[in-house]
Amino acid sequence: MEKKIPVIVCILLISAPVCHALTFGEFLAGAAGVVAAPFVIPAVIGAAGFTATGIAAGSWGAAAMSASAPVATGSLIAIAQSIGATEAIGLAGKAISGGVVYAAYRATEDRD
């Protein structure tokens, strides 16, 4: 059984705070997601067809844009194209990436 490190993470979900003491592995997984986010997310978005010159014809991005036309400001498609055009993500993207990697770690870690 792994000891908990004295790091408490509190996330506001809707209006209820959720707090959890992290194990060292959970902390490292979340940190790895935050560090990798600026490199991995733009690469994945680019591979989906969201590029600096626009959405690539015949790509998943083109299909998604066609299916959701007209594309609303702030929608997932608009955000993906923004990331594809600038190859940059904001703090929210880093936080989401850290959370996703943390959740994946929690889902796969061995629980004794």
Side-chain angles (χ1 to χ4, degrees):
M1 183 162 150
E2 192 171 5
K3 290 185 179 181
K4 302 284 183 183
I5 58 173
V7 174
I8 303 295
V9 174
C10 294
I11 303 168
L12 289 175
L13 297 174
I14 302 174
S15 63
V18 176
C19 296
H20 176 70
L22 300 176
T23 66
F24 187 66
E26 292 169 342
F27 175 77
L28 286 180
V34 170
V35 170
F39 308 103
V40 175
I41 292 174
V44 170
I45 296 277
F50 298 96
T51 68
T53 58
I55 297 177
S59 67
W60 179 88
M65 184 173 184
S66 176
S68 64
V71 175
T73 302
S75 68
L76 184 59
I77 303 299
I79 292 168
Q81 181 52 42
S82 175
I83 293 169
T86 62
E87 294 188 356
I89 62 169
L91 181 59
K94 292 176 187 175
I96 291 167
S97 177
V100 167
V101 174
Y102 162 78
Y105 175 84
R106 290 269 307 179
T108 60
E109 79 178 331
D110 184 25
R111 301 203 187 269
D112 292 340

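Of all non-hydrogen atoms in A64 and I77, the two that sit nearest each other are CB-CD1, 3.4 Å.
Applying the side-chain hydrogen bond (donor to acceptor under 3.5 Å, both in side chains) rule to pairs touching residues 47-57 yields T51-T53, sequence neighbours excluded. Sorted by first then second residue, the side-chain hydrogen bond (donor to acceptor under 3.5 Å, both in side chains) pairs that include residues 69-83, not counting sequence neighbours, number zero.
Take I41 and apply the side-chain contact (heavy atoms from CB on, under 4.5 Å) test, not counting sequence neighbours, and it matches A37, I45, I83, I89, S97. For S59, the side-chain contact (heavy atoms from CB on, under 4.5 Å) criterion is met by I55, A56, A62, not counting sequence neighbours. The side-chain hydrogen bond (donor to acceptor under 3.5 Å, both in side chains) check on T86 picks up nothing, with sequence neighbours excluded.
Through chains of ILVMFWY side-chain contacts below 4.5 Å, V40 is grouped with V44.
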